[in-house]
**Student:** 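Sharing a structure, written as structure tokens. Questions coming.
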2 protein chains.
Amino acid sequence: MKIGELAQVAQCTVETVRYYEKEGLLSAPARTMANYRSYGELHVERLRFIRNCRALDMTHAEIHRLLGLMDQPAGDCGGVNQLLDEHIAHVDVRMAELSQLKQQLRELRQRCQSEQAMDACGILQGLASMETEPRHERQTHLG
Amino acid sequence: MKIGELAQVAQCTVETVRYYEKEGLLSAPARTMANYRSYGELHVERLRFIRNCRALDMTHAEIHRLLGLMDQPAGDCGGVNQLLDEHIAHVDVRMAELSQLKQQLRELRQRCQSEQAMDACGILQGLASMETEPRHERQTHLG
DNA sequence: ACTTGACCCTATAGTAACTTCAGGGTGTGC
DNA sequence: GCACACCCTGAAGTTACTATAGGGTCAAGT
């Protein structure tokens, strides 16, 4: 199977497939005589696995860890469970951040209910007078 | 006031200030004879405004729009209100996405309650067998 | 006068996960 | 024999910074 077909079954672009190969997430396949990449069923499975992880917003680093764990079939899956727990914690952190953000934005929005003169706008006044806080370290890769 | 002092009152780094200047968010200040940047009260106000917008997770493009609107004091603030409404909508979209994500992750996590053999792990099985969905267009810049 | 240290300058590269582009080769149907 | 869809590589662009290299400035201390 050529790269276009693989991309189609995995619902991503050809460029993304090549990028995963360069990143080491997907192993380099055999080549045809025309130097075209030639994929098999195992590549399909692995790429779909990767895309499913990405759909869950895992980073490449997390997916790398996961693939490394999977490729040691002798071990148990404790590491897999732990990785998932950590990832769920990332999502929780980001949800809490956004929730607080939304509250701040709602309060700000309340300060201007109509189309005022620019220098009377409560929103602009709010943005000018907020306590400027230092940017805190991220606890999550989720933006 | 030199750049280090400005950065301190605005709770950001010197590099960030220089970056904002390059981006056109902060206007280039006068220079001392030693070629040091020399800032005044207006720069302080504008930089704090920018940092407050960033604390609310606005993009530079949004901040640019906002500064452009502010700098036309003849107009009304309808555009400001609209920008804020759009930004709040971004936050809502991302919160909904994360909420769905968390549900998916919880269901996946449920599929493995103990440290099993690798090929019996319900999480890995789940990741392998999920419906692979095409990545949808982002409705929000929030990650 | 000399040095140490804190501060300033520019320009460049790195981050994450791709996307886009430039410039070219391959293979099939008419 | 040519158009057109597909494939190739390598480099640059995206966002909002951060970090690094390599250098200049200035005030205090010896």
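The structure presented is a predicted model; accordingly, all values stated were derived computationally and were not measured. Lettering of chains follows the sequences in order, A, B, ..., and the numbering in each one begins at 1.
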**Student:** Would you indicate which nucleotide in D/dC17, C/dC9, D/dC8 comes nearest to any side-chain atom of B/R31?
**Tutor:**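 The closest nucleotide is C/dC9.
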**Student:** For D/dC17 and B/H60 - does any side-chain N or O of the residue sit under 4.0 Å from the phosphate oxygens OP1/OP2?
**Tutor:**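 So the side chain of B/H60 is within the cut-off, an N or O lying under 4.0 Å from OP1 or OP2 of D/dC17.
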**Student:** Among the nucleotides D/dC7, C/dT19, C/dT12, which one has an atom lying closest to any side-chain atom of B/K22?
**Tutor:**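 Selected nucleotide: C/dT12.
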**Student:** Knowing that exactly one of A/L56, A/N52, A/I88 qualifies, which makes a side-chain contact (heavy atoms from CB on, under 4.5 Å) with B/L108?
**Tutor:**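 With B/L108 as partner, side-chain contact (heavy atoms from CB on, under 4.5 Å) holds for just one option, A/L56.
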**Student:** Give a yes/no answer on whether the side chain of B/T16 brings an N or O atom under 4.0 Å of OP1 or OP2 in D/dA16.
**Tutor:**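 Checking D/dA16 against B/T16, no side-chain N or O comes under 4.0 Å of OP1 or OP2.
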**Student:** Please figure out whether A/T59 or B/G4 has its closest DNA chain C nucleotide nearer the 5' end.
**Tutor:**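 It is B/G4, whose closest nucleotide lies nearer the 5' terminus.
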**Student:** Would you tell me if any nitrogen or oxygen in the side chain of B/R37 comes within less than 4.0 Å of OP1 or OP2 on C/dC8?
**Tutor:**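 No, outside the criterion.
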**Student:** Take B/Y20 and B/H43, measure what ring pair (Phe, Tyr, Trp, His ring centres under 6.0 Å) needs, and give me the verdict at the end.
**Tutor:** CA-CA 12 Å; B/Y20 287 167; B/H43 287 103; over 10 Å; no
**Student:** Tell me whether B/E45 contacts the main-chain N or O of B/L42 through its side chain, where contact means a donor paired with an acceptor under 3.5 Å.
**Tutor:**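 A pair under 3.5 Å: no.
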**Student:** Mind telling me whether B/H87 and B/H141 have parallel, tilted or perpendicular rings, with 30° and 60° as the class edges?
**Tutor:**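 Parallel, since the angle between the ring planes stays under 30°.
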**Student:** Below 3.5 Å, does any donor atom in the side chain of A/Y36 face an acceptor in the base of C/dG25, or the other way round?
**Tutor:**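 Answer yes: a donor N or O sits under 3.5 Å from an acceptor.
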**Student:** Looking at C/dC18, I'd like to know if its phosphate oxygens (OP1 or OP2) sit under 4.0 Å from a side-chain N or O belonging to A/R51.
**Tutor:**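 So the side-chain polar atoms of A/R51 do come within 4.0 Å of the phosphate oxygens OP1 or OP2 of C/dC18, strictly under.
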**Student:** When you measure from the side chain of A/Y19, which nucleotide among D/dT18, C/dC18, C/dC8 comes out closest?
**Tutor:**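 Within the option list, the nearest is C/dC18.
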